[in-house]
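Ligands are counted one by one from 1 in listed order, and the atoms in each one are counted from 1 as well.
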Amino acid sequence: MKKNLSLYIHIPFCLKKCIYCDFLSFANCSYAQQLQYIDALQQEIKLYKAFADRYVVKTIFIGGGTPSLLDEVFIGNILSVIRNVFEVDRFPEITIEANPGTVKYTNLLAYQSYGINRISIGLQSTNDETLKMLGRIHNMDQFVATFNSARRAGFKNINIDIMSGLPGQTEHTYIETLMKVMEFAPEHISAYSLQVEEGTPLYDDEELVGMIPDEDADRRMYAMTKKVLAANGYERYEFSNYAKAGYECRHNITYWTGGEYIGFGIGAASYFKGERFNNTKDIDKYIAVMQEAQPEIASSPDKFHVYEEVTGQIRENVETIYIDSRIEEFMFLGLRMTRGISRKEFRDRFNKDVYEVYGPVLNKYVDEGFMIVDDESVRLNDRGIDVSNIILSDFILD
Ligand code: SF4
């Protein structure tokens, strides 16, 4: 029987860098470099012909960066190559990230025609001054136009990204963002708290950092998010993700349940054939390796040899995941979801009950009122989610 697989495609181009962003993306890349990168991506996908017949692709996520900056034909080409190499499920979830102001109705129609059925729009805040301060390329009006165009083009599954803990944000202005987002009734909302990452312009801006709400205020905003969204029919199914029934992001659930996935493009992470690894972050190296390998990828009869030889040049941090790490990951990732981990799945994967491995830790956190364990599952309750960093560290095996 074929195994399930998820694919991530990294598009590292943005119009301009937001001040808080430490994602692998570049502003001002030339059209020629974009072309070379897309070509390299397609070569990388073709490398996996060696294994493709053992898998069926269930989800595809085109992220970045700002994938919607690309000419939509490139997106269509990438998906065609995927379909030529892999068997894609009859009902896949295919997501593209889009920033307001970078897509028009016609682009969105083209996405639909390529089979993309989910769009994730980066809004972050509904306040124009905040958007400007963050270095976002759009304002609220552009978001409204993009959202409405997406609906008109036929998207029935839309995510909106918002952020809390922004400089100058108060609980009042955050609630305003939440309430305005509710007016659009998206199917899914990702609500993350701002992280100040070293190396970003925000990190060096003492004045803005000084305007970031303190931890208590951020925790209250987090609690508000759950309350407001629950009242509007959204369930929190992961620490920072909320969905209407049936619209949980299947792609992310693959990550959180330890499923196999391949990341294509620079910096992209994979969990494939028992190994975790990521691709080089060096775009010039990535393009050069793929350009050089192109003739071999196209014609060599020994697909396995070409795969080993080429991926060996772009892969970094390769880690074989042994049993203890697999158990730890299963718990760390699974406990991020409000449904927690399934005890049956734990037994099926590891041939033992979760209590045999984690009995004392589970008893401790159940007794202290942070965790719920029943016959079906092990999960954190709201109190547990608030201090999840501390609790999860107790799931590291000696
Ligand atoms: S649009 Fe997204 S990826 Fe691009 S700079 Fe802003 S936060 Fe980073």
Side-chain angles (χ1 to χ4, degrees), residues 8-31 33-34 37-38 41 61-72 74-75 95-104 107-108 111 118-143 145-147 150 158-169 177 181 186 188-205 208-209 212 240-241 249 251-252 263-269 278-279 281-283 286:
Y8 172 78
I9 312 290
H10 190 65
I11 307 292
F13 308 119
C14 286
L15 260 189
K16 158 175 178 249
K17 286 294 279 188
C18 303
I19 61 165
Y20 58 87
C21 177
D22 79 332
F23 296 136
L24 184 58
S25 70
F26 315 103
N28 305 322
C29 272
S30 68
Y31 191 71
Q33 197 172 27
Q34 289 187 7
Y37 181 77
I38 299 304
L41 256 180
F61 196 103
I62 306 168
T66 308
S68 53
L69 259 190
L70 284 184
D71 196 310
E72 72 268 19
F74 294 150
I75 302 289
T95 305
I96 188 164
E97 286 183 335
N99 271 331
T102 59
V103 268
K104 296 195 205 75
N107 308 129
L108 293 156
Y111 293 164
R118 183 171 185 273
I119 188 159
S120 175
I121 306 177
L123 169 63
Q124 316 314 348
S125 166
T126 56
N127 182 298
D128 281 348
E129 274 174 35
T130 304
L131 291 172
K132 202 166 160 199
M133 177 262 297
L134 294 174
R136 301 288 300 173
I137 55 166
H138 58 89
N139 58 27
M140 182 60 185
D141 284 349
Q142 286 169 306
F143 164 78
T146 299
F147 188 92
I158 303 182
N159 169 61
I160 298 179
D161 283 340
I162 55 171
M163 287 173 104
S164 63
L166 300 173
Q169 193 175 44
T177 288
V181 166
H188 190 283
I189 294 169
S190 295
Y192 285 93
S193 177
L194 174 74
Q195 304 294 321
V196 182
E197 304 286 357
E198 212 173 329
T200 59
L202 177 62
Y203 186 86
D204 296 323
D205 191 325
L208 284 182
V209 171
I212 291 175
S240 307
N241 285 280
C249 175
H251 188 83
N252 283 343
F264 297 106
I266 55 167
N278 60 269
N279 285 348
K281 293 181 176 171
D282 180 340
I283 189 166
Y286 178 77

Q.
Could you identify the single nearest non-hydrogen protein atom to atom 2 (Fe) of ligand 1 and state the distance to 0.1 Å?
A. R136 NH1, 4.1 Å
Q: Taking the side chain as every heavy atom from C-beta outward, state whether I119 and T146 have any atom pair closer than 4.5 Å.
A: no
**Q.** More than 12 heavy atoms of other groups within 6.0 Å of F23 CZ
**A.** no
Q | Other residues, nucleotides, ligands: >12 heavy atoms within 6.0 Å of K17 NZ | A | yes
**Q.** Per-atom contacts, ligand 1 versus K16 - under 4.0 Å to a heavy atom
**A.** 5 (S)
Q.
So, 4.0 Å and heavy atoms of E97: is ligand 1 close enough to count as a contact?
A. no
Q | N99 contact mode with ligand 1 (heavy-atom cut-off under 4.0 Å) | A | side chain
Q | Parallel, tilted or perpendicular, as decided by the 30° and 60° cut-offs, for the rings of F13 and Y37 | A | perpendicular
Q: Return the minimal non-hydrogen interatomic distance between G265 and N279, and the atom names on each side.
A: O-ND2, 2.9 Å
Q: Using 2.8 Å as the cut-off, note every protein N, O or S atom close to atom 8 (Fe) of ligand 1.
A: C21 SG
Q: Could you tell me which residues satisfy ring pair (Phe, Tyr, Trp, His ring centres under 6.0 Å) with H188, sequence neighbours excluded, listed by chain and number?
A: Y237
**Q.** For N99, the option from Q124, R136, H138 that meets side chain to side chain donor-acceptor pair (under 3.5 Å)
**A.** R136
Q) Do other residues, nucleotides or ligands put more than 12 heavy atoms under 6.0 Å from the OH atom of Y203? A) no
